[in-house]
Amino acid sequence: MQFHSRQAVTAALAALLASTSLIVAAPAAAQPAPSAEAKRDWPQVEQDRPWLYRGSDIPVDEEWVFGELDNGLRYAVRQNDIPANQVSVRVAVDAGSIHEADSERGFAHLLEHLVFRESRYLANGQAIERWRELGTTIGADTGAFTSPTQTVFNVDVPDVDQAKLAEVFRLLSGMVTGPVLSDANVQTELPIVLAERRERGAAGRRISEATQQTYFAGQRIAERLPIGTVETLQAATGDSVSAFYDRWYRPDNTIIVVAGDFPTSVLEQAVQTAFGDWKAEGVATPAPPFGDPVPGPNAQTAPGALAPVDKVSVIVEPDLPRNIGYAVMRPWRPVVDTIEYNEGLLTDQLAMSIINRRLETAARGGGSFLAASVAQDDLNRSTDATFVSITPLGPDWKAALLDVRAVIKDAIENPSTQEEIDREAAEFENAFRVGVETRDVQQASDLVDNVVEAINIRETVAAPEVVQDVFEGMQPKLTPELLLKRTRQLFSGDVVRGLMSVPAASEADEAAFRAALLQPVEADDTARVTGEAISFEELPSLGTPGTVVAQAPTGLFEIELLRLSNGVTAMIWPSTAEPGRVSVRVRFGSGYGAFDAGDNAEIALGEVALMGSGIGTLDQDALDRISTGRKMGLQFSIDDSDFVFAGETRAADLADQLYLFAAKLADPRWDTAPLERAKAGLSISYDSYAASPSGILNRDFEYLLRGDDPRFKAPTPAELQAVTAQDFQETWAPVLASGPIQVEIFGDFDRAEGIAALEKTFGALAPREPAAAMPQLSAPPKTGGEPFVLTHRGDGDEAAAVVAWPTGGGRDDVTLSRKTQVLTQIFSNRLFDAMREKLGASYSPNVASRWPLDRDTGGSIIAMAQVEPDEVQVFFDTATSIAEDLATNPPSAEEIARVTEPLRTYIERVSSGNGFWLSELGGASRDPRRIDQIRTIIRDYSQVTPEEMQALAQRYLTADTMRVQIVPGGNAAATASAGNGTAEAAASR
């Protein structure tokens, strides 16, 4: 894995720290205030180093080649063959919404769209089609994003040769340096941008706007969300957008980052040929002053306050969970990205991980909050802030805020114990060790994204060995006194601001929120994590080890099938394709088929709480302690035909990973605290589904698609609260105790040691009873008649519509399922072109195929889009028209190729990793058909004829459909077509 020095912490520890944003910077109070121009420029000290490293003593990552063209454009290129024959390109323009004038709000993002509309080498509307011809999928492999500080164009192109590489760069150069910014193109793209704005959901957008306006009050970014405003967007013209382009789209304001399966000299030449002639016109426009977070005239302070409490906001959103957030804010300053600076970053992260673990402990204990976390972030070159986020358990938000502040107060006043420091340091050390072990398999797309983010926050990249060395070298310095000092710095600043979301105005106002932030608080040390480390050697044996009684090669690589003496089957593949990684899956039981009709609440709770309820003598905290410094996972999911434990580990931890999974089946624990927390969390989030059409779809569509099978009905808060600990255990204990077990181990491990670990763990389990038969999962959706009408409680301009055509199911028809997926993608491309590109009615319409391989029926082709309410029928008509045309007229070979080539190259790309083979072969130890079927996957996706596509369309797309529309609660359509009882029942939840 490749890190830039800041992401060395954030990426590697994302799974370890409970935080939404983990980018950390040392407090910058000692840094001199720069000019506006200095904020744009990289700190430069040593001119003989590559441009990314000037001023830094971080060792240069020699796998990157950095260069600068005469026109000022900078680039970074790297040879990387993961995946083979692919190139990943990022063109980063240092211009985002923060660079917009008041009348230009939304222009940076609108311009991003227009670059794809028409350009020097691409005629109007041709870009999407051309990139498809090159083997990319729009949105997945080709796209762009706009942030407050930059606009980045990204392409990941498969199956690249020299000619294709040249074409990729030619097209990109034409798009970035020569977009056609006409009035007509602006008017064509405007409805698409407005549709994107609408589809983000009104409640979420209001929260985003309020957050930005609150935390950045008085700064330029406060009123500049990248999506812009309806008023400024509708006033956009070709000339006004061109003026924004001319100011910021310049070679000296652009950086290109490339990683791909070519020598660096070839990649350098591609950049130079495509972009070397781009001329910078006139003098560069200085970046506007971003401003600093400073207390306003109404800021208040109190004894013991972290800083003056300035702007606070309370927003009322009836359908969103209660949430409290506040931040201690400091000015952002450019930093000199040195080893010493990074030692500070790591120390800060470690200090916050200690606090987060304490907050998690308090939440697990059933306190006043469901979850809470702290995180530091340098946001948009506008602030260096430490953020606190809290989800209260109920209306008493004051108690939740007070309790979290008390835990933080203890961290500020009293040093951590060395035991706490060592525990978190072991987690860091393990994360960085895994980064070193897996560095050779990092994807090219991840590599270029890391550099782009480093550029954005004005820092460097560091090889994982460097990060590991830095951390190992600083560990002797990690004393309680240093951690206390850094914690105090993290919670010191110039101003405190906060935002709270509540479901009712009567619960809180700004005065009460400000008073709660200023209220004195006593330090609470009861959440400090104590307890000695636990060793696996202390745990009881699972029984007498079994033995392998049968083994057979699959004929695929070195993948083997094993059968143990107790009936457990296994599939193993020792492979160095992903160095340092071992993937483990344990399949057992009969999945959703194991449940009765009234078990929907227990099912939902099990997905969240089953693993946390403990194993044998180990509760949730003990599980954390026993895995300290180890790479292990305890994921759980439910499939149609089985249950799945999943964990990503390493060879040194494989035996213990297997022990935990086997022990969960043999000796499950039934702690009530995780269950109660899951009930609270699911109940809190339930109402948020109603805030948007997409939320209603997430809540109800599976239930409708499964023919009203109650096992797939989202449980209400009342249903969740009615589940007792005894109910939960009575539902899940038989699930864990019965049904065949299949173990799958793919990755970098020693075969003999892996088999020995299997025999000692799963081989020691008692023979299992067959899983009990339960109702089948084959209920078809109701088709024909009026649409199901569901309602949401979001804004009146939001709606969604779905059409589903029943197809088939079963593994015996796997080839048919794959060809149906090709048909579906052709359909999806046409729907995208019609609803987005031609009508501008929807931003992301799509079509997907669901073909259950473990059921003989139940498949569907599903088309969906978010639209305005009065365009629901337009969607239905458009989707139906496309379906009829596919059944009447076969698609051309060229249209098919634009789907099959990306599918083929995608498979070739992902098949280099364990995940692909586990997904395709999972369960093969009991169903060897899967082994034979994987051999034909490329052929099934690539050898497709127009006649086959037409025949499939005639077979499936002419049948009766299920139609669903989700409209605003007050819309007349919600009551006009009563539809049927199922729709009304779903709408009333």
Side-chain angles (χ1 to χ4, degrees), residues 36-37 39-40 92-119 144-153 175-200 202 205-206 208-250 253-254 280-293 311 379-383 795 797 840 843:
E37 184 64 24
K39 283 190 174 185
R40 255 185 90 198
V93 182
D94 201 49
S97 60
I98 206 167
H99 297 82
E100 298 164 349
D102 288 345
S103 62
E104 296 175 328
R105 293 177 191 178
F107 279 25
H109 176 246
L110 175 59
L111 178 55
E112 169 210 311
H113 278 247
L114 289 167
V115 164
F116 277 90
R117 169 58 52 188
E118 183 179 3
S119 57
F145 69 86
T146 303
S147 76
T149 52
Q150 63 176 181
T151 302
V152 179
F153 301 91
M175 291 167 61
V176 174
T177 71
V180 178
L181 306 177
S182 64
D183 288 343
N185 283 347
V186 169
Q187 292 307 307
T188 299
E189 204 65 31
L190 183 59
I192 299 172
V193 173
L194 294 176
E196 180 181 358
R197 186 178 190 274
R198 183 180 65 248
E199 289 182 22
R200 294 184 176 184
R205 187 173 63 247
R206 286 192 293 269
S208 295
E209 291 173 351
T211 299
Q212 199 150 322
Q213 291 165 357
T214 299
Y215 285 122
F216 297 102
Q219 293 182 263
R220 186 174 182 84
I221 194 175
E223 303 293 337
R224 284 173 172 78
L225 282 173
I227 197 64
T229 70
V230 174
E231 294 74 21
T232 53
L233 288 169
Q234 289 180 336
T237 65
D239 287 344
S240 62
V241 176
S242 294
F244 182 86
Y245 174 89
D246 291 342
R247 287 205 309 278
W248 304 116
Y249 276 61
R250 303 167 48 92
N253 204 36
T254 302
E281 302 293 338
V283 178
T285 303
F290 291 3
D292 289 334
K311 185 174 178 61
L379 280 177
N380 304 310
R381 300 178 227 153
S382 296
T383 185
D795 280 10
D797 64 348
Y843 176 66

Checklist entry - Nearest heavy-atom pair of Ala236 and Val241: which atoms, and what distance? => result CB-CG2, 4.2 Å
Next on the checklist: Going by the rule side-chain contact (heavy atoms from CB on, under 4.5 Å), which residues pair with Ala280 if we only count those two or more places apart in sequence or in a different chain?
Outcome noted: Arg250, Pro251, Asp252
Checklist entry - Does any N or O in the side chain of Asn253 come within less than 3.5 Å of the main-chain N or O of Asp94, such that one atom is a donor and the other an acceptor? => result yes
Next on the checklist: Using the salt bridge (charged side-chain N to carboxylate O under 4.0 Å, His left out) criterion, which residues pair with Asp795? Sequence neighbours excluded.
Outcome noted: Arg206
Item to check | Set of side chain to side chain donor-acceptor pair (under 3.5 Å) partners for Thr232, sequence neighbours left out | outcome: Thr229
Checklist outcome for this item: Closest heavy-atom pair, Ile98 versus Ile221, reported as atoms and distance to 0.1 Å, is CD1-CB, 3.9 Å
Item to check | Residues forming a salt bridge (charged side-chain N to carboxylate O under 4.0 Å, His left out) with Glu100, sequence neighbours excluded | outcome: none
Checklist entry - Mind checking what makes salt bridge (charged side-chain N to carboxylate O under 4.0 Å, His left out) contact with Glu223, not counting sequence neighbours? => result none
Checklist entry - When rounded to the nearest 0.5 angstrom, what is the spacing between CZ in Phe244 and OG1 in Thr285? => result 10.5 Å
Item to check | Distance in Å, Leu225 CG paired with Gln212 CD, rounded so as to fall on 0.5 Å steps | outcome: 4.0 Å
Checklist entry - Is Thr383 reaching over with its side chain to a backbone N or O of Leu379, donor-acceptor style, under 3.5 angstrom? => result no
Checklist entry - Side chains of Leu111 and Thr151: closer than 4.5 Å at any heavy-atom pair? => result no
Checklist entry - Sequence neighbours excluded, which residues qualify as ring-ring contact (aromatic ring centres under 6.0 Å, His included) partners of Tyr249? => result Tyr245
Checklist outcome for this item: Interatomic distance, CD@Gln150 vs OG1@Thr254, rounded to 0.5 Å, equals 11.0 Å
Next on the checklist: Within this structure, what is the CG-CG distance for the pair Asp239 and Asp183, rounded to the nearest 0.5 Å?
Outcome noted: 6.5 Å
Next on the checklist: Applying ring-ring contact (aromatic ring centres under 6.0 Å, His included) as the test, list every pair that has at least one member in residues 209-238; sequence neighbours left out.
Outcome noted: Tyr215-Phe387
Checklist outcome for this item: So the salt bridge (charged side-chain N to carboxylate O under 4.0 Å, His left out) pairs with at least one residue in residues 104-118 (sequence neighbours excluded) are Asp102-Arg105, Glu104-Arg247, Arg117-Glu189, Arg117-Glu837
Checklist entry - How far does CD1 of Ile227 sit from CZ of Arg198, to the nearest 0.5 angstrom? => result 11.0 Å
Next on the checklist: Which heavy atom of Phe116 sits nearest to which heavy atom of Ala144, and what is that distance?
Outcome noted: CE1-CB, 4.0 Å
Item to check | Arg220 versus Pro288, closest heavy-atom pair with distance | outcome: NE-CG, 3.4 Å
Checklist entry - Considering residues at least two apart in sequence or located in another chain, which fulfil the side chain to side chain donor-acceptor pair (under 3.5 Å) criterion with Ser240? => result Thr237
Checklist outcome for this item: All heavy atoms of Ser382 vs all of Pro293, minimum pair found to be O-CD, 3.7 Å
Checklist outcome for this item: Taking every heavy atom of Leu114 against every heavy atom of Leu181, the minimum-distance pair comes out as CB-CD2, 3.9 Å
Checklist entry - Given Glu281 and Asp246, is the side chain to side chain contact (heavy atoms under 4.5 Å, CB included) satisfied, shown in steps? => result CA-CA 8 Å; Glu281 302 293 338; Asp246 291 342; over 6 Å; no
Checklist entry - Could you give the distance from CZ (Phe290) to CZ (Arg224), rounded to the nearest 0.5 Å? => result 10.5 Å
Checklist outcome for this item: Sorted by chain and residue number, the side chain to side chain donor-acceptor pair (under 3.5 Å) partners of Thr214 (sequence neighbours excluded) come out as Ser313
Item to check | Sidechain-backbone polar pair: His109 side chain, Gly106 backbone, donor-acceptor under 3.5 Å | outcome: no
